[in-house]
Each structure stands twice: as C-alpha cells, then as structure tokens.
Amino acid sequence: MQMPQPDAGILGRREAIVARLAAALPADGLVSDPRELLAYDCDALTVYSCPPLAVTLPRSTEEVSAILRICHAEGVPVIPRGSGTGLAGGALPTADAVVLGVARLNAVLETNYADRYVRVQSGRTNLSVTGAVEPDGFFYAPDPSSQLACAIAGNIAMNSGGAHCLKYGVTTNNLLGVTMVMADGEVVEIGGPAMDAAGYDLLGVICGSEGQLGVVTEATLRILPKPEGARPILVAYDSAVTAGACVSDIIRAGVLPVAIEFMDKPIIHLTEAFVGAGYPMDAEALLIIEVEGSPAEIEEQLEKIKAIAETHHPTTLRESASEAQSKAIWAGRKAAFGATGQVADYLCMDGTIPTSALPETLGRMTQLAADYGLRVANVFHAGDGNLHPLIMFDANNPEELRKAEALGADILRLCVEQGGCLTGEHGVGVEKRDLMVHQYDPVDLEAQMGVKDVFDPKWILNPAKVFPLAASQGRGA
Amino acid sequence: MIEPRSEAEMAEAVAGLSAPVEVRGGGSRGALGRPVQAAETLSTGGLRGISLYEPGALTLVAGAGTPLREIEATLAAENQRLAFEPMDHRPLLGSGGEPTIGGVAACNVSGPRRVQAGACRDAMLGVRFVDGAGRVVKNGGRVMKNVTGYDLVKLMGGAYGTLGVLTELAFKVLPMPEAAATLVVRGLDDVSAVAAMTAALGSPFDVSGAAHLPDAGDPAAARTLVRIEGFQASVAYRAGRLRDLLTAQSRGEVEILSEAADLWADVRDVRGFADRPGAVWRISARPSDGPGLAASVPHLAARYDWGGGLLWLLTEESDAAAAAVRAAAARLRAHATLVRGPAALRASAGAFQPEAPALAAISAGLRAKFDPRGLLNPGRMSA
Ligand SMILES: Cc1cc2nc3c(=O)[nH]c(=O)nc-3n(C[C@H](O)[C@H](O)[C@H](O)COP(=O)(O)OP(=O)(O)OC[C@H]3O[C@@H](n4cnc5c(N)ncnc54)[C@H](O)[C@@H]3O)c2cc1C
C-alpha cells in the first residue's frame, strides 16, 4: 500500500500552520508535540501508521469550521477521526495532514420520544446513544461489535452495521439528518427530524462517504422502542454447506430473525479456548439465531426455526432457557475478534456475497488459504452474506504480512466474482482502495469522484482514500 | 418517442441527444415535479424484464421499464413482496399508464409501511443508469450490505430522472406476512389521533402502519388506523395489547379488522382526495408537528400517514395557498411537495420546497456533473 509523498511545501510551513490553528483553538484543542501525535498515527488497521502534522480536538461546530477554514486556505489535507476503531485505515494520517478528531463533541442535544429521534454530537459513542434513551424504553438500532468505543461520526462515515441489522438495517436506514462542515468551513444542515428531506438524497450519499465529503458534527438518529424480549438459539452442523442451506430455508419460510451469525470450526475452537462458552467442538459450522418479541412470540418463532433446523439434522441444537444461557450462547461470538487477537495478528476481511453463494465461497476460501499456507477463521453475518474472514499471520514477519494481504485481496476478488462486493460494513479506506478496480469500471469510479469534486473541489478531506491513487491523482489541483 | 431496446441502445440514444428530453417509464407519474420543457420523450419501456430473482436471498433485479405489476406478481407467487408498499399515483393524478419499477425508484415512492420497513430508497441495493453524457454507470450491487465506495444508489433514488436514466435496479424484498390486523379508533380529533398513533409507534408491538383519516363533515366519523403484521399468534397477541393501549389512550371503542387491504390502499394512494378538486400537498414533518401545521394553513381537507409525519393537504389551487403551505413547512423544518396541481401552478410555485442556498449549490453541482448538457428532465427537480 502506497500513500502519496507528503507535500514538502506544507511540511515547510508546519510552524506557521500550527500557529494559525493554535490561535483559533483553546490551548487543549491542539496537539503538536511529536510524542503525543503518535497516539493518532493509525486506526484499528494498525499495520499502517504515520503521525500527522498536528491533531485538533474541537469542542463545537464553530471550532470545526474554524479549523477547516484554515486548512482550506492553507491547502492542508484534513483527516476526520472519530474513535479510531476503523478497520480499513480510513483515519490513517499522512505527515502533511491535520487530524480533526471529534471525540470531545459527545453531548446529547435533544431526545424526542414522541417523534422517535435523538440528536447527538457526532463524537458520542454508539453504545452511549442507546444508553441515553434506554431508561425510557428506546434504543438506537445499529450495533457494531465495536459499539462501546466507536463514535457515531465513524458509523456515519462508514455506514456501519451490526449483528442486528438483518432486521433493523444499517446506519443509513437509521439516520435522519446531520450538521456537517464543508471543506471550506461552511456549515450545512442536511435532512432533519422528519422522515425524508427535500431535494436529492444528499444524506444517503454522505452516509458511507468515509469522511471525504464533509465533517459531520451532529446527527439526528431514529430511535426505536425496545422489544419486549429477545432469545437466541444455537444450531450446529457437520458441514458449512448444510448450515448455509438452513439459513436460506429460514429466510424463505418468512421468519425474519434479528440476527443470524455464522461461525466456522477454526473460530469455534479459538473462542472456546478464550472464553469457554461451551460451544460444540465437533461442529464444522455453528449458527446463532436470535428472535425478538413477547415470550409467546419468541416461542412461536423459535418453534418454526427449530423445525427448519431439524430437517437439516443438526449435531447440536441448544435453546436458551435463561438470561444467563442467552449470554453464554453469545459469549463466544462476541469474543471472536479478541480470541483471534490472542493467538495471532489478523486481518479482518469484510466482503459480502449473495447468501446463495455461501457454500461455494467458503469452500474456495479454504482452498485459497491452504495455497498461501495461512490460517483463516470465519465469523460473519450469515443472514445478509457479510463475511468476516480473519486471516492470521505474524506481523513481525514482513513476508507473512505480504502473503496475508495477498490472500485478503484474493478473497475479496472472490466475493466480487460471486456477485458480491469488497466491503459490507468496514469501508474501503486505504485497505481496499486499490481493489476498487475489480468491482468498478473507470466510469463508475469517475461518477463517484465527481461527487467529491462537487463537495470538496480542492480534495483536502481525507484524500488518498477510497479511490485508487492512480485514478484520483491530480484531482483537486 | 425514443424507446431504446437495450441499455447499450439507451447509452447511444442519450449520447446522441441534441435537445432536452422528458424521461418516461410508464407515464403514470409524469405529472410529478415541475413541468419539463422538452419536445422529445425518452422511454425506458424497452428495458423490460426480471433478470434475477432469488427468493432465498431476498433479492430481485429487473430492468427499469419492467411493470411494477409484473414484479409484484412474481414476488407474490413466492409469497414475497416489496416491503415499502409503493403508492399508485394514478387515482390521485388521474393519469393512465402502467407504473414501472424505474419510476418507483426515480421518485422514491413509498407507502404507509415506511414507518416500519423504510422507504423505497432503503430497499434499493443497486442501480445501473445512463448519465447525461451517455455513459453507463453502475453503483451498489445485489447484496444486502455494501459500503464499497459512495452510495449513488441513494442519490439516484428520488432524483426524478434528472441525474441519469435508470436502466436496471436491484431490490431487497421481504416475505409476505402470514396475518395482519388493523385497529380502528373512531372520532378522534387530529391532535388526539397523532397522540394515539405515537403511543402505538412507541410501543414494542412493531406497528407497520399508522394513519388518520379525518372527516371534515362529521368529526365522529374520523378514523385512526394502526396496522400490525406477522405470524398468526403474534398478530393476535399484539392486537390485544394495542387495543388496550389505544383504549386507554383515546377512551373510545377500538375495532379490530383482520382484512383491511382496501383501507390501506386508500391511505397509500390518498384516494379520498382523488375525486376532489384542489391542489394536493405532501408534507413531511415531525409527527407531533402535523396537526399544528395543518391548522396553520387554510385547507379543504387533511389526511395523515406515518403516524402523523406525512401530512396530505388539499388546498385551493393558488400561489397564495402555495406560499402559505411552504412558509408553514419552513417554520417547522418540514418540507412540502406539490404533488397535484395545474402545470401553471407547478411552474410558478415549484413542486419542491426550496433548498437552503448551500444545498441548492450542491444540487446544481451534481446536476452539472451527471448531466452536463442539461438534457434529462431539465427543471423537474428545481424548486
Ligand atoms: C473489534 C472491532 C469490531 C468491529 N465491529 C464492527 C461491526 O460489527 N460492524 C461495523 O460496521 N464495523 C465494525 N468495526 C469497524 C469500526 O468500529 C467502524 O467502522 C466504526 O464505525 C468506526 O468508528 P470510529 O468512530 O472509530 O471511526 P474512525 O476509525 O475514527 O474513522 C472511520 C472513518 O470515519 C471518518 N470520520 C470520522 N469522524 C468523522 C466525522 N466527524 N465526519 C466525517 N467523517 C468522519 C474517518 O475519516 C474514517 O474514514 C469494528 C472494529 C473493531 C476494532
């Protein structure tokens, strides 16, 4: 992965730029000490890192606007940052860039239960949005596994999903409006508390634009009444193909669980060693299926699911009879990334495939991993075909990193070939930037880059991300 | 009328245009938006057919010119449907023609189930389109989750054909429920009705429709409707719980209908306004603002959908009435669309709520990028 050479002119003007930012911000709003900058040199894709020129930590939309006006005038790239949990290198700085972190913008501005929305500052963490409305019986639906740490800002930029999005949709389906600062510092309101907005669906384009169209400082989010209850069931099979067929049959039968999670043998063994959730060690594939409603409704749906699952001859079928048992069923799934991280460094892939292509894709993936001599564990959202192959390697061995990346690229190309896409919820960032040509023709990319031209004509917002460098080179100049 | 038979022909036709065209699907929604000044019509009628349907993956891909009827019939045969319940504009607009899936997407046409299942744009997984320069562009795909690059699918949904001619669309579809029930409360005034709908939508009972149909002549005949769908036993349980809740909320009699498809088609298509003269406005607002907004502008009749968040108003056909509606909407950060009105009124008042200057500049910028020669439905989206 290549990043563009830092602009020597900007580096040469470093002190003047820092001085201008310092004049516009309170003393604790600017970080320029080289040691402190290291805390912002990467996101959760830690294999790439580079300390920025400076970090700004604004406390208001006005401060964000002031920072952008300065950077725009100076021609300095700006890297918006939420909590830095992104897995695609979307918040990776360059040496000539100013990081704009919104973590301090974390207030709840308005809760409105009658109209079912909450308005928050964008640095607020995902889980604490639900935390703010939960006592009154509401929740914010998108629930990325990183929800304790990740910010709404990052969720919007990546259009993040979660385990329960099979029923509730991803961020874009739950976002009503944003306050956003444009590259030149102008503040705009897009969408609002009503269900739709006038004109083009700009909100739909901003969601998922990876910090390239503007800096989001506030968001109006749809909240939903909490279901009466939820309960998972665990079903294991002796083949991934059978598990895939079971998923498809459940969906066809008209049951719409809130979540269908899939774990393969390697990840079952890894998590079992880590948290001891009591998963069946002989299983080749395990499904966690969760349904919601009143006790009777849960019972009705689980009966239907069990009946379908039985027709495929499960090796294990475990119902939960208590809150504690439900937690145990989820425990392994929730610990999957952590468990993998205990035994190896890993790259988390995020391709999506049509669910009908599941068996073939899993088979070919196993073969690819064997060809590279690398271990791959699979845990994913089966209901919507969003795969998360975890490629394990040793980061201290450059040759292994190279192989892991090559395998990752092969897997993503396989997803595209199967009718799917490169990324279902983590975003393109720098990680998949150069693979975009496998999914999109030059004219498709040109159409997308044209949108950036309109929002950010100088291309100062998070440049060198999303689009292959060769394609975006020279734009904004 | 130009009617290309394939996407390649469509691209060639657009590239060869020398004057603006009106883009047309089935023609049933041609009277939406500001009237287009174009001598020629470009039809998607030749781009017809379902190219992929995988019930087990809940996905369907079809040419933009495919009749909606054909898609709905194909889905129904597998006990599935388009969950967003697209409105049929023909009764209201007095139009003919056969609605196409491309027209539904281009106008982001959604119905009462929007409160639960989202809008048309939420079900759109992928698009192919020909931009104003004649380039074939694709975005999104056919899978449920996709954040690869910018989401131009959303941009094209609701762009009324001004950024490109849609050629193919991929949709997420959903299973048809086993059962449905509609609770009816009679005689509520608008404020009480919105309060009742708010209570229902704020409950855990997964309401899939909440509408209020006032009766100007006879307040006691006003009907407030709440719909639930799902498996038999679940519907029975939730209907009981909602009846208790609505009874407590409204202190009135609550009736439960097990068959109310016609009633919801009436809500969806605003049929109560179909035979009455006047301008028809579609106002999107915070539900709790709906009744106040209606009360603040002179009107002939009002109806509420989306729990009050979608207000339909029938007004006089005049610039003064239009100005009053737009001002009332602007005060509440709502927005008003003139859905039916004489061409002269749609031309003078504009069909859409004016955007803030910064957003209008972005919209103009996008039009210049996607349709640099200003050939596709020019003016239709301008306020
Ligand atoms: C253990 C783990 C589990 C995860 N699980 C999931 C999961 O289940 N589902 C899922 O979707 N993701 C998941 N992720 C990925 C990640 O958490 C999400 O992408 C998240 O939304 C990133 O949020 P953040 O605040 O950390 O953003 P950051 O990493 O700080 O930034 C992400 C992107 O957002 C941009 N950005 C940040 N702030 C702004 C702003 N104010 N305005 C405009 N752009 C901005 C950045 O430039 C960058 O491109 C996981 C990550 C980890 C480490």
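Only this structure's heavy atoms are used, side chains among them; waters, hydrogens and symmetry mates stay out.
- The shortest non-hydrogen separation linking V143(B) to G419(A) is CG1-O, 3.8 Å.
- If you tally non-hydrogen atom pairs under 4.5 Å between each of M197(B), M156(B), K154(B), K145(B) and chain A, the highest count goes to K145(B).
- In this structure, no portion of A356(B) lies under 4.5 Å from any heavy atom of chain A.
- The two residues V147(B) and V428(A) come nearest to each other via the heavy atoms O-CG2, 4.2 Å.
- Salt-bridge check for R241(B) with E228(A): passed, with a basic side-chain N closer than 4.0 Å to an acidic carboxylate O.
- Interface remark: I251(A) contributes backbone and side-chain atoms alike to the contact with chain B (heavy atom separation under 4.5 Å).
- Your options are G141(B), G126(B), G157(B), G149(B), and the one with the most heavy-atom pairs under 4.5 Å with chain A is G149(B).
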From CA spacing to verdict: salt bridge (Lys or Arg N to Asp or Glu O under 4.0 Å), R128(B), D444(A): CA-CA 10 Å; R128(B) 296 178 64 91; D444(A) 304 328; over 6 Å; no
Test side-chain contact (heavy atoms from CB on, under 4.5 Å) applied to L359(B) and Y200(A), step by step: CA-CA 9 Å; L359(B) 300 191; Y200(A) 295 131; over 6 Å; no
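- For a residue to count as touching a neighbouring chain, one of its non-hydrogen atoms must lie under 4.5 Å from one of that chain's; by this rule H381(A) touches chain B with the side chain only.
- Closest of all the heavy-atom pairs between R142(B) and P354(A) is NH2-CB, 3.2 Å.
- Residue contact with chain B, scored on non-hydrogen atoms closer than 4.5 Å, involves the side chain of M436(A) exclusively.
- The side-chain tip of K138(B) does not point at the ring of Y440(A) from less than 6.0 angstrom away and within 45° of straight on.
- Contact detail for M195(A) and S284(B): the closest heavy-atom pair is N-OG, 3.9 Å.
- The pair R252(A)-E78(B) counts as a salt bridge, with a side-chain nitrogen and a carboxylate oxygen less than 4.0 angstrom apart.
- Between the side chain of R286(B) and the main chain of N112(A), no donor-acceptor pair closer than 3.5 Å is present.
- Contact annotation for A233(B): both backbone and side-chain heavy atoms come within less than 4.5 Å of a heavy atom of chain A.
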Salt bridge (Lys or Arg N to Asp or Glu O under 4.0 Å) assessment of D196(A) paired with R114(B): CA-CA 10 Å; D196(A) 53 22; R114(B) 162 98 215 237; 3.7 Å; yes
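- S234(B) has its side chain out of reach of Q301(A): every pair of non-hydrogen atoms, C-beta onward, lies at least 4.5 Å apart.
- Scanning both residues, L201(B) and P225(A), for their nearest heavy atoms gives O-CG, 3.4 Å.
- By number of non-hydrogen pairs under 4.5 angstrom with chain A, the leading residue of R238(B), K172(B), Q116(B) is R238(B).
- At a 4.5 Å heavy-atom cutoff, N108(B) makes no contact with chain A through either its backbone or its side chain.
- Counting all heavy atoms, side chain and backbone alike, F231(B) lies closest to G254(A) at CZ-O, 3.8 Å.
- Using a 4.5 Å cut-off between heavy atoms, Y160(B) makes no contact with chain A at all.
- Between the NZ atom in K452(A) and the NZ atom in K369(B) there is a gap of 12.5 Å [rounded to 0.5 Å].
- Here the side chain of Q448(A) pairs no donor or acceptor atom with the backbone of L152(B) at under 3.5 angstrom.
- For chain A, the option among T198(B), D151(B), N146(B), V137(B) with the highest count of heavy-atom pairs below 4.5 Å is N146(B).
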Intermediate values then yes/no, side-chain hydrogen bond (donor to acceptor under 3.5 Å, both in side chains), Y150(B) and Q212(A): CA-CA 10 Å; Y150(B) 296 168; Q212(A) 293 198 307; 2.7 Å; yes
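- Contact of V194(B) with chain A is not made at all, since no heavy-atom distance falls under 4.5 Å.
- With a threshold of 4.5 angstrom between heavy atoms, S203(B) approaches chain A through N, CA, C or O but not through any side-chain atom.
- Using a 4.5 Å heavy-atom threshold, the side chains of L202(A) and I362(B) count as touching.
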